[in-house]
> 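Please read through the structure below; I'll follow up with questions.
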Amino acid sequence: MSPRTLLLRLPVEIRLKIYHDVFSSVSLTFMEPNSPAPETDLSQTPNALSLLLACQQIHSETKHVWLNRVSFEFHNLEIMMNTFSKLPDSILSQIRHVLLAKASILILPTSDLPYGRLFTLASIFKLLPTMSLDVLTAIGMSDGEDSYLTLNDLVKYGTGWKELRFATAQSSMLGFENGEQSQSWVQRMPQPGAWKEEILCRDGVETGPSVEIYRSTEANGGIAAVLGTATRRTFEQAEPYDVTLFGKEEDSQLMAEGEKEKGLLVVVRRGKGVNFAQDGGAPYESHDVRSIPGGVTWSDLKDKCIDYL
(Lines give C-alpha, C1' and ligand atoms only; values in the text may rest on other atoms or scores of the structure.)
Protein backbone atom coordinates (compact mmCIF):
# COMPACT_ATOMS: atom_id res chain seq x y z
CA MET A 1 0.00 0.00 0.00
CA SER A 2 1.49 3.35 -1.03
CA PRO A 3 2.22 6.17 1.46
CA ARG A 4 -0.25 8.33 -0.41
CA THR A 5 -3.04 5.80 0.20
CA LEU A 6 -2.14 5.55 3.89
CA LEU A 7 -2.29 9.34 4.25
CA LEU A 8 -5.69 9.55 2.63
CA ARG A 9 -7.05 6.85 4.91
CA LEU A 10 -6.43 9.05 7.97
CA PRO A 11 -9.31 11.21 9.26
CA VAL A 12 -9.40 14.59 7.52
CA GLU A 13 -8.68 16.52 10.75
CA ILE A 14 -5.44 14.54 11.21
CA ARG A 15 -4.47 15.10 7.58
CA LEU A 16 -4.99 18.83 8.05
CA LYS A 17 -2.76 18.77 11.14
CA ILE A 18 -0.07 17.03 9.10
CA TYR A 19 -0.41 19.58 6.30
CA HIS A 20 -0.11 22.44 8.80
CA ASP A 21 3.03 20.95 10.35
CA VAL A 22 4.64 20.27 6.97
CA PHE A 23 4.02 23.74 5.56
CA SER A 24 5.03 25.45 8.83
CA SER A 25 8.56 24.10 8.26
CA VAL A 26 8.72 25.39 4.68
CA SER A 27 10.72 28.48 3.64
CA LEU A 28 10.27 30.06 0.22
CA THR A 29 13.40 32.11 -0.42
CA PHE A 30 13.71 34.97 -2.89
CA MET A 31 17.24 36.14 -3.68
CA GLU A 32 19.20 37.70 -6.51
CA PRO A 33 21.82 35.44 -8.11
CA ASN A 34 25.35 36.12 -6.84
CA SER A 35 24.11 38.73 -4.38
CA PRO A 36 26.11 39.37 -1.16
CA ALA A 37 25.19 37.10 1.73
CA PRO A 38 22.62 38.62 4.10
CA GLU A 39 23.11 38.91 7.88
CA THR A 40 20.98 35.82 8.39
CA ASP A 41 20.95 32.55 6.50
CA LEU A 42 18.21 32.16 3.91
CA SER A 43 17.73 28.52 2.98
CA GLN A 44 15.19 27.30 0.46
CA THR A 45 13.30 24.21 1.63
CA PRO A 46 13.93 21.44 -0.95
CA ASN A 47 10.81 20.42 -2.85
CA ALA A 48 9.01 23.00 -0.75
CA LEU A 49 5.54 22.68 -2.26
CA SER A 50 5.69 19.15 -3.65
CA LEU A 51 2.82 18.10 -1.39
CA LEU A 52 0.51 20.25 -3.52
CA LEU A 53 1.34 18.01 -6.49
CA ALA A 54 0.91 14.66 -4.76
CA CYS A 55 -2.56 13.95 -6.11
CA GLN A 56 -5.79 15.75 -6.91
CA GLN A 57 -7.37 15.17 -3.50
CA ILE A 58 -4.34 16.33 -1.52
CA HIS A 59 -4.04 19.36 -3.77
CA SER A 60 -7.68 20.19 -3.06
CA GLU A 61 -7.11 19.84 0.69
CA THR A 62 -3.89 21.88 0.81
CA LYS A 63 -4.42 24.66 -1.73
CA HIS A 64 -5.98 26.93 0.90
CA VAL A 65 -3.61 25.89 3.70
CA TRP A 66 -0.05 26.45 2.54
CA LEU A 67 -0.08 30.23 2.07
CA ASN A 68 -0.75 31.02 5.72
CA ARG A 69 1.80 28.48 6.98
CA VAL A 70 4.95 28.87 4.88
CA SER A 71 7.54 31.57 5.52
CA PHE A 72 8.30 33.98 2.65
CA GLU A 73 11.93 35.04 3.02
CA PHE A 74 13.52 37.88 1.04
CA HIS A 75 17.10 39.01 0.60
CA ASN A 76 16.18 42.70 0.52
CA LEU A 77 13.35 45.23 0.39
CA GLU A 78 13.36 45.60 -3.39
CA ILE A 79 12.94 41.87 -4.00
CA MET A 80 10.13 41.67 -1.44
CA MET A 81 8.21 44.57 -2.94
CA ASN A 82 8.80 43.41 -6.52
CA THR A 83 7.24 40.09 -5.52
CA PHE A 84 4.36 41.22 -3.32
CA SER A 85 3.29 44.21 -5.41
CA LYS A 86 2.41 41.84 -8.27
CA LEU A 87 0.22 39.55 -6.18
CA PRO A 88 -3.57 39.95 -6.10
CA ASP A 89 -5.12 40.96 -2.79
CA SER A 90 -6.77 37.55 -2.50
CA ILE A 91 -3.30 35.94 -2.26
CA LEU A 92 -1.52 38.67 -0.32
CA SER A 93 -4.13 38.67 2.42
CA GLN A 94 -3.48 34.97 3.17
CA ILE A 95 0.27 35.30 3.81
CA ARG A 96 1.11 35.19 7.52
CA HIS A 97 4.91 34.87 7.87
CA VAL A 98 7.55 37.07 6.23
CA LEU A 99 11.29 37.42 6.85
CA LEU A 100 13.14 40.39 5.37
CA ALA A 101 16.91 39.93 5.57
CA LYS A 102 17.74 43.59 4.98
CA ALA A 103 15.26 46.23 6.13
CA SER A 104 16.56 49.00 3.89
CA ILE A 105 15.59 52.68 3.90
CA LEU A 106 14.49 54.09 0.55
CA ILE A 107 16.07 57.35 -0.61
CA LEU A 108 14.23 59.51 -3.15
CA PRO A 109 15.20 62.87 -4.67
CA THR A 110 14.12 65.74 -2.41
CA SER A 111 12.66 67.59 -5.42
CA ASP A 112 9.91 64.96 -5.61
CA LEU A 113 9.03 65.00 -1.94
CA PRO A 114 7.73 67.98 -0.01
CA TYR A 115 8.04 66.06 3.28
CA GLY A 116 11.57 64.67 3.08
CA ARG A 117 13.54 62.07 1.23
CA LEU A 118 13.73 58.96 3.44
CA PHE A 119 11.04 56.29 3.66
CA THR A 120 11.44 53.36 6.03
CA LEU A 121 9.92 49.88 5.99
CA ALA A 122 6.85 51.00 7.96
CA SER A 123 5.99 53.44 5.19
CA ILE A 124 6.77 51.17 2.24
CA PHE A 125 4.70 48.38 3.82
CA LYS A 126 1.63 50.58 3.51
CA LEU A 127 1.72 49.99 -0.25
CA LEU A 128 0.52 46.44 0.57
CA PRO A 129 -2.91 47.34 2.00
CA THR A 130 -4.23 43.80 2.45
CA MET A 131 -1.15 42.45 4.22
CA SER A 132 -2.10 40.91 7.57
CA LEU A 133 0.88 39.01 9.01
CA ASP A 134 1.07 36.96 12.16
CA VAL A 135 4.85 37.55 12.31
CA LEU A 136 7.11 39.97 10.46
CA THR A 137 10.81 39.29 11.01
CA ALA A 138 13.18 42.01 9.83
CA ILE A 139 16.97 42.19 10.00
CA GLY A 140 18.36 45.67 10.53
CA MET A 141 21.24 47.27 8.69
CA SER A 142 24.80 47.35 9.99
CA ASP A 143 24.48 51.08 10.75
CA GLY A 144 22.96 51.46 14.19
CA GLU A 145 21.16 54.73 13.54
CA ASP A 146 19.53 53.44 10.34
CA SER A 147 18.28 50.38 12.19
CA TYR A 148 16.98 52.50 15.06
CA LEU A 149 15.09 54.78 12.67
CA THR A 150 13.55 51.80 10.87
CA LEU A 151 12.44 50.07 14.07
CA ASN A 152 11.25 53.30 15.67
CA ASP A 153 8.94 53.95 12.70
CA LEU A 154 7.65 50.36 12.80
CA VAL A 155 6.71 50.75 16.47
CA LYS A 156 5.10 54.19 15.95
CA TYR A 157 3.42 53.73 12.58
CA GLY A 158 3.78 50.10 11.48
CA THR A 159 0.69 48.17 10.41
CA GLY A 160 -0.01 44.87 8.71
CA TRP A 161 1.61 42.64 11.37
CA LYS A 162 0.57 41.19 14.73
CA GLU A 163 4.11 40.48 15.97
CA LEU A 164 7.36 42.12 14.90
CA ARG A 165 10.77 40.54 15.45
CA PHE A 166 13.55 43.01 14.62
CA ALA A 167 17.13 41.78 14.91
CA THR A 168 20.56 43.32 14.42
CA ALA A 169 23.97 41.66 14.49
CA GLN A 170 25.42 44.42 16.70
CA SER A 171 24.40 46.55 19.68
CA SER A 172 25.05 49.90 17.99
CA MET A 173 21.31 50.40 17.35
CA LEU A 174 20.97 51.28 21.05
CA GLY A 175 24.36 52.93 21.50
CA PHE A 176 25.00 55.43 18.70
CA GLU A 177 25.64 59.10 19.44
CA ASN A 178 23.05 61.86 19.07
CA GLY A 179 25.59 64.60 19.73
CA GLU A 180 25.31 68.32 19.05
CA GLN A 181 27.00 67.90 15.67
CA SER A 182 24.99 64.82 14.79
CA GLN A 183 22.85 64.83 11.66
CA SER A 184 20.58 62.19 13.15
CA TRP A 185 17.11 61.65 11.75
CA VAL A 186 15.82 60.42 15.11
CA GLN A 187 16.69 60.89 18.77
CA ARG A 188 17.78 57.75 20.53
CA MET A 189 15.72 57.10 23.67
CA PRO A 190 16.06 54.59 26.55
CA GLN A 191 14.61 51.29 25.41
CA PRO A 192 12.39 49.37 25.56
CA GLY A 193 10.71 51.97 27.79
CA ALA A 194 10.06 54.55 25.05
CA TRP A 195 8.80 51.95 22.59
CA LYS A 196 6.53 50.49 25.27
CA GLU A 197 4.97 53.91 25.76
CA GLU A 198 4.42 54.25 22.01
CA ILE A 199 2.71 50.89 21.60
CA LEU A 200 0.59 51.43 24.74
CA CYS A 201 -0.61 54.74 23.32
CA ARG A 202 -1.47 53.08 20.02
CA ASP A 203 -3.23 49.97 21.35
CA GLY A 204 -4.35 50.86 24.86
CA VAL A 205 -3.13 49.45 28.17
CA GLU A 206 -6.15 47.15 28.44
CA THR A 207 -5.16 45.22 25.28
CA GLY A 208 -1.78 44.18 26.71
CA PRO A 209 0.72 45.10 23.96
CA SER A 210 4.38 44.49 24.75
CA VAL A 211 7.94 45.30 23.74
CA GLU A 212 10.86 43.13 24.84
CA ILE A 213 14.55 43.42 24.04
CA TYR A 214 17.02 40.54 24.07
CA ARG A 215 20.79 40.87 23.74
CA SER A 216 23.20 38.17 22.68
CA THR A 217 25.62 36.83 25.25
CA GLU A 218 28.14 36.09 22.49
CA ALA A 219 30.22 38.66 20.62
CA ASN A 220 30.37 38.14 16.85
CA GLY A 221 27.66 35.51 17.09
CA GLY A 222 25.63 37.27 14.42
CA ILE A 223 21.87 37.09 14.10
CA ALA A 224 21.79 33.38 14.95
CA ALA A 225 23.11 34.00 18.47
CA VAL A 226 20.41 36.49 19.43
CA LEU A 227 17.64 34.41 17.88
CA GLY A 228 18.69 31.39 19.94
CA THR A 229 17.08 31.36 23.39
CA ALA A 230 20.17 29.80 24.99
CA THR A 231 22.52 32.58 23.87
CA ARG A 232 20.59 35.72 24.78
CA ARG A 233 19.21 37.52 27.80
CA THR A 234 16.68 40.29 28.36
CA PHE A 235 18.01 43.83 28.16
CA GLU A 236 16.76 47.21 29.34
CA GLN A 237 18.27 50.68 29.38
CA ALA A 238 17.84 52.79 32.51
CA GLU A 239 15.97 56.06 32.09
CA PRO A 240 18.03 59.10 33.16
CA TYR A 241 16.74 61.94 35.33
CA ASP A 242 16.66 64.23 32.27
CA VAL A 243 15.61 62.15 29.29
CA THR A 244 16.30 65.03 26.88
CA LEU A 245 20.01 64.45 27.48
CA PHE A 246 19.81 60.75 26.72
CA GLY A 247 21.79 59.61 23.69
CA LYS A 248 23.79 62.82 23.35
CA GLU A 249 26.87 60.71 23.82
CA GLU A 250 27.73 57.25 22.62
CA ASP A 251 26.82 54.51 25.09
CA SER A 252 30.30 53.53 26.30
CA GLN A 253 29.21 50.12 27.58
CA LEU A 254 27.27 49.01 24.50
CA MET A 255 29.86 50.38 22.08
CA ALA A 256 32.95 48.97 23.81
CA GLU A 257 35.06 46.40 22.00
CA GLY A 258 33.56 42.97 22.55
CA GLU A 259 30.20 44.47 23.53
CA LYS A 260 29.24 46.30 20.34
CA GLU A 261 29.53 42.97 18.50
CA LYS A 262 26.62 41.44 20.45
CA GLY A 263 23.33 41.20 18.56
CA LEU A 264 19.93 42.59 19.56
CA LEU A 265 16.42 41.25 19.13
CA VAL A 266 13.39 43.46 19.72
CA VAL A 267 10.01 41.69 19.90
CA VAL A 268 6.93 43.91 19.54
CA ARG A 269 3.47 42.41 20.03
CA ARG A 270 0.31 44.34 19.22
CA GLY A 271 -2.52 44.32 21.75
CA LYS A 272 -5.16 41.62 21.93
CA GLY A 273 -8.12 42.39 19.69
CA VAL A 274 -6.40 45.42 18.12
CA ASN A 275 -7.03 46.00 14.42
CA PHE A 276 -3.48 45.78 13.11
CA ALA A 277 -4.47 45.84 9.44
CA GLN A 278 -3.25 48.65 7.21
CA ASP A 279 -4.97 51.93 7.97
CA GLY A 280 -7.50 53.65 5.73
CA GLY A 281 -7.39 56.34 3.10
CA ALA A 282 -6.19 59.91 2.82
CA PRO A 283 -5.21 62.28 4.27
CA TYR A 284 -1.89 60.63 5.04
CA GLU A 285 0.75 61.82 7.49
CA SER A 286 4.04 63.15 6.19
CA HIS A 287 6.01 60.02 7.12
CA ASP A 288 3.67 57.94 4.92
CA VAL A 289 4.90 57.29 1.38
CA ARG A 290 1.29 57.55 0.21
CA SER A 291 1.40 61.27 1.07
CA ILE A 292 3.34 61.97 -2.14
CA PRO A 293 1.07 64.19 -4.26
CA GLY A 294 -0.69 62.40 -7.10
CA GLY A 295 -0.48 58.98 -5.48
CA VAL A 296 2.33 56.46 -5.74
CA THR A 297 2.91 52.78 -6.49
CA TRP A 298 5.92 50.59 -5.82
CA SER A 299 6.84 50.85 -9.49
CA ASP A 300 6.85 54.65 -9.20
CA LEU A 301 9.07 54.57 -6.14
CA LYS A 302 11.51 52.10 -7.63
CA ASP A 303 11.91 54.23 -10.75
CA LYS A 304 12.63 57.34 -8.67
CA CYS A 305 14.78 55.67 -6.05
CA ILE A 306 18.37 56.87 -6.04
CA ASP A 307 19.70 54.59 -3.33
CA TYR A 308 18.97 52.23 -0.44
CA LEU A 309 20.50 52.57 3.00
Side-chain angles (χ1 to χ4, degrees), residues 16 19-20 22-32 38 42 44-45 48-49 51-53 59-106 119-139 150 153-155 157-166 202 268-270 273-282 284-285 287-292 295-305 308:
L16 288 174
Y19 300 153
H20 288 173
V22 168
F23 288 124
S24 294
S25 66
V26 167
S27 298
L28 300 180
T29 303
F30 300 79
M31 295 182 65
E32 293 176 340
L42 298 180
Q44 177 79 31
T45 303
L49 301 178
L51 189 58
L52 289 165
L53 306 176
H59 174 80
S60 177
E61 292 175 348
T62 57
K63 64 182 180 181
H64 298 302
V65 172
W66 71 276
L67 268 173
N68 57 31
R69 292 288 171 173
V70 304
S71 176
F72 289 80
E73 303 186 353
F74 299 92
H75 181 262
N76 59 40
L77 177 65
E78 183 175 9
I79 296 173
M80 182 186 79
M81 291 303 298
N82 286 345
T83 303
F84 282 161
S85 62
K86 297 173 184 176
L87 295 179
D89 289 346
S90 59
I91 298 296
L92 199 63
S93 62
Q94 296 182 62
I95 295 172
R96 293 292 179 268
H97 302 272
V98 168
L99 184 151
L100 177 59
K102 187 178 181 181
S104 305
I105 296 175
L106 195 70
F119 288 109
T120 63
L121 178 60
S123 179
I124 303 301
F125 220 62
K126 294 182 184 297
L127 296 176
L128 305 171
T130 59
M131 187 66 82
S132 184
L133 300 177
D134 285 342
V135 180
L136 170 61
T137 302
I139 309 303
T150 298
D153 278 4
L154 283 165
V155 174
Y157 313 120
T159 51
W161 45 268
K162 185 184 301 183
E163 178 178 314
L164 170 69
R165 298 169 62 84
F166 193 95
R202 292 187 68 186
V268 184
R269 295 183 179 91
R270 301 297 305 271
V274 168
N275 180 12
F276 59 90
Q278 302 286 24
D279 45 21
Y284 302 115
E285 297 185 55
H287 59 79
D288 192 328
V289 72
R290 297 171 298 177
S291 65
I292 297 176
V296 66
T297 66
W298 170 246
S299 180
D300 297 329
L301 288 180
K302 189 170 63 169
D303 289 343
K304 293 180 179 180
C305 176
Y308 294 91

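For reference, positions follow the sequence shown, starting with 1. When reading the values below, keep in mind they use all heavy atoms of this one structure, side chains included, and skip hydrogens, waters and symmetry mates.
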> Out of curiosity, F74 CZ to L99 CG, how far, rounded to the nearest 0.5 Å?
9.5 Å
> Sub-3.5 Å donor-acceptor pair from the side chain of T62 to the main-chain atoms of V65, do we have one?
no
> Applying salt bridge (charged side-chain N to carboxylate O under 4.0 Å, His left out), name anything that partners D89, two or more places apart in sequence or on another chain.
none
> Atom CG of L28 and atom CG of L49: how far apart are they, to the nearest 0.5 Å?
5.0 Å
> Can you name the closest pair of heavy atoms from L133 and I95 and give their distance?
CD2-O, 3.4 Å
> Going from CD1 on I79 to CE on M31, what distance comes out if it is rounded to the nearest 0.5 angstrom?
7.5 Å
> Which atom names give the shortest non-hydrogen contact between A103 and T150, and what distance separates them?
O-OG1, 3.9 Å
> Which pair of heavy atoms, one from D153 and one from A122, lies closest together, and at what distance?
O-CB, 3.6 Å
> Test Y19 against V22 for side-chain contact (heavy atoms from CB on, under 4.5 Å), laying out the working first.
CA-CA 5 Å; Y19 300 153; V22 168; 5.8 Å; no
> How many angstroms lie between atom CZ of F276 and atom CG of D134, to the nearest 0.5 angstrom?
6.5 Å
> From Q94 CD over to N68 CG, what is the distance, rounded to the nearest 0.5 angstrom?
7.0 Å
> Which pair of non-hydrogen atoms, one from T159 and one from F125, has the smallest distance, and what is that distance?
O-CD2, 3.5 Å
> Keeping the roles fixed (side chain from R165, backbone from L136), state whether a donor-acceptor pair exists under 3.5 Å.
no
> Mind listing the closest non-hydrogen atom pair of L154 and F166 along with its distance?
CD1-CD1, 4.1 Å
> Can you tell if the side chain of W161 reaches within under 4.5 Å of the side chain of M131, non-hydrogen atoms only?
no
> Indicate yes or no for a side-chain donor-acceptor contact from R202 to the backbone of V155 under 3.5 Å, with no hydrogens or angles considered.
yes
> Identify the two heavy atoms, one from S132 and one from R96, that lie closest to each other, and give their separation to 0.1 Å.
O-NH1, 3.1 Å
> Go through the steps for W66 and L51 under the test side-chain contact (heavy atoms from CB on, under 4.5 Å), then give the verdict.
CA-CA 10 Å; W66 71 276; L51 189 58; over 6 Å; no
> For the CH2 atom of W298 and the CE atom of M81, what is their distance to the nearest 0.5 Å?
5.5 Å
> Using side-chain contact (heavy atoms from CB on, under 4.5 Å), reason through R290 and L127 one step at a time and then give a plain yes or no.
CA-CA 8 Å; R290 297 171 298 177; L127 296 176; 4.1 Å; yes
> Please list, chain by chain and in numerical order, all residues satisfying salt bridge (charged side-chain N to carboxylate O under 4.0 Å, His left out) with R269, sequence neighbours excluded.
E163, E212
> I'd like to check T83 versus F72 (side-chain heavy atoms, cut-off strictly below 4.5 Å). Are they in contact?
no
